[in-house]
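Keep in mind that this is a model prediction, so the values were computed, not measured.
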Amino acid sequence: MKEDGSERVVIHAEKLLYRATEAAECLGVSRAKIYELMQSGVLPSVRFDGCRRIRRDDLRAFVESLRGVA
């Protein structure tokens, strides 16, 4: 709360698109592994502004798909 009694609202939006390095960090794997997964089509990616990005929902779906893998 501010000194004048008003509150400051801070909104933290979750990222919608991740760079390969960011996705690798989230998953705890190498950047090369992320590119390998994108190349094989296992991890979908989109082209945005000339760069490959991974949609948040696709990253989550990929992780969920690992549940059935033993």
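Distance check: C26 SG to R56 CZ gives 11.5 Å after rounding to the nearest 0.5 Å. Taken from CD1 in I34 to CD in Q39, the straight-line distance is 13.5 Å, to the nearest 0.5 Å. Summarising the geometry, atom CZ belonging to F62 is positioned 4.5 Å from atom CG belonging to L37; distances are rounded to the nearest 0.5 Å.
R53 has its side chain out of reach of Y18: every pair of non-hydrogen atoms, C-beta onward, lies at least 4.5 Å apart. Between L27 and L59 the shortest side-chain heavy-atom distance falls below 4.5 Å.
The hydrophobic clustering, which links ILVMFWY residues whose side-chain heavy atoms are closer than 4.5 Å, places L16 and V46 apart.
Among residues two or more places apart in sequence or in another chain, the side chain to side chain contact (heavy atoms under 4.5 Å, CB included) test is passed with Y35 by A20, R31, M38.
The two atoms that bring E36 and K33 nearest to each other are OE2-NZ, 3.0 Å, heavy atoms only. Nearest heavy atom pair, residue S45 against residue I54, reads CB-CG1, 4.4 Å.
Put simply, the side chain of R55 never gets that close to the backbone of D58: no donor and acceptor are under 3.5 Å apart.
Under the 4.0 Å criterion applied to side-chain N and carboxylate O atoms, E25 and K15 are not assigned as salt-bridge partners.
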